[in-house]
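Keep in mind that this is a model prediction, so the values were computed, not measured.
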There are 2 protein chains.
Amino acid sequence: MDAALQAIAEPRRREILRLVWRNELPAGVIASHFSVTRPAISQHLRVLKEAGLVEERRDGTRRLYRARPEGLAELRAFFESFWDDSLDRLREAAEAEQERMNRNASDRDRN
Amino acid sequence: MDAALQAIAEPRRREILRLVWRNELPAGVIASHFSVTRPAISQHLRVLKEAGLVEERRDGTRRLYRARPEGLAELRAFFESFWDDSLDRLREAAEAEQERMNRNASDRDRN
DNA sequence: GACTTACGTCAGCGATCGCTTACACTTGCG
DNA sequence: CGCAAGTGTAAGCGATCGCTGACGTAAGTC
């Protein structure tokens with residue numbers, strides 16, 4: 001999960017992800033969309049693959065890539081939980097903190 | 001927007017974001033949740049602030065931080081568009097690519 | 001004015017990142 | 001087998017990252 005977040009933090013990798021979102025594309029074609037060299041894209045593809053956001057299929061000498069729905073679903077689920085959990089699951093902890101902070105403040109005021 | 005993505009790619013910053021999600025907290029209290037030094041957290045707070053994900057309010061010597069709803073909304077909107085756009089808006093481009101790829105393939109087969 | 005509290009900032013360090021160039025590998029074809 | 005196409009891998013480089021330790025600063029306390 002952490003790997004997926006790291007992966008999409010990089011603009012070029014997000015672009016790659018969009019390119020292979022629905023249709024699989026060979027590495028060379030993907031690389032041709034960018035100004036950087038082909039090995040650079042190859043490395044980005046590796047990062048995306050290890051993050052589970054992309055999957056590779058071999059066809060002769062070509063390697064076809066496409067977005068991996070499961071990985072994207074995980075990522076999406078994480079964000080939704082990030083929004084919801086932070087509101088609910090961590091409220092008590094935060095309130096305890098707020099309380100602790102107030103106590104410290106009143107300690108300070110009392111002295 | 002890019003700054004916001006970069007900001008949440010870092011685990012500690014996500015934790016900070018959760019801490020100040022609903023209640024504002026002074027920098028020192030935030031720092032006390034982590035094993036790294038206070039300056040490190042101060043720097044993380046700066047990144048979050050410059051990404052528009054957090055806002056700062058001063059109260060005496062203390063600086064209170066809390067999540068910035070507008071920034072979070074932007075981030076959320078981006079992800080939703082990322083999911084939707086990639087399915088619809090970029091489909092033609094991807095199909096054109098697929099077509100180009102197929103043409104290349106048949107060129108190759110023909111030779 | 002001296003001191004304390006609660007911070008941010010700066011310099012520097014090791015680690016990691018994204019990139020390029022050079023090379024290795026695999027598949028298919030004559 | 002020899003060769004070309006398509007691609008991954010390795011080494012190395014400059015830039016950036018996250019961190020620490022030392023220092024600077026602004027607001028309250030005596």
What is the distance from [atom1] of [X] to [atom2] of [N], rounded to the nearest Å?
X       : N      : atom1 : atom2 : value
A:Arg62 : D:dG8  : CZ    : P     : 13 Å
A:Ile30 : D:dG6  : CD1   : C1'   : 13 Å
B:Asp2  : C:dG18 : CG    : P     : 12 Å
B:Arg38 : C:dG8  : CZ    : C1'   : 7 Å
A:Glu24 : D:dT7  : CD    : P     : 12 Å
A:Arg14 : C:dG18 : CZ    : P     : 12 Å
B:Glu10 : D:dT16 : CD    : C1'   : 13 Å
B:Gln6  : D:dC17 : CD    : P     : 6 Å

How far apart are the C-alpha atoms of A:Arg58 and A:Glu56, what are their side-chain angles, what is the distance that settles it, and do they pass the salt bridge (Lys or Arg N to Asp or Glu O under 4.0 Å) test? CA-CA 7 Å; A:Arg58 308 203 180 185; A:Glu56 173 200 310; 2.9 Å; yes
5′-ward residue of the pair A:His44/A:Arg63 relative to DNA chain C: A:His44
More 5' along DNA chain C: A:Ile41 or A:Arg58, using each one's nearest nucleotide? A:Ile41
Below 4.0 angstrom from OP1 or OP2 of [N], is there any side-chain N or O of [X]?
X       : N      : value
B:Ser42 : C:dG8  : yes
B:Thr37 : D:dT20 : yes
B:Tyr65 : C:dG8  : yes

Fit a plane to each ring of A:Trp83 and B:Trp21, take the angle between them on a 0 to 90° scale, and name the class: parallel (under 30°), tilted (30 to 60°) or perpendicular (over 60°). perpendicular
Taking the side chain of B:Pro39 as heavy atoms from C-beta outward, which of D:dA5, D:dT7, D:dA22 is closest to it? D:dA22
Which is true for B:Ala27 with a 4.0 Å heavy-atom rule: it touches a base, it touches only sugar-phosphate, or it touches nothing? sugar-phosphate
Is a side-chain N or O of B:Arg68 found less than 3.5 angstrom from the main chain of B:Glu55, in a donor-acceptor match? no
Is there a donor-acceptor pair closer than 3.5 Å between any side-chain N or O of A:Arg14 and the backbone N or O of A:Ile8? yes
Between the base of [N] and the side chain of [X], is one N or O donor paired with an acceptor at under 3.5 angstrom?
X       : N      : answer
A:Gln43 : C:dT20 : yes
A:Glu56 : D:dT7  : no
B:Arg46 : C:dG8  : no

Mind listing the closest non-hydrogen atom pair of B:Ala7 and B:Val47 along with its distance? CB-CG1, 4.1 Å
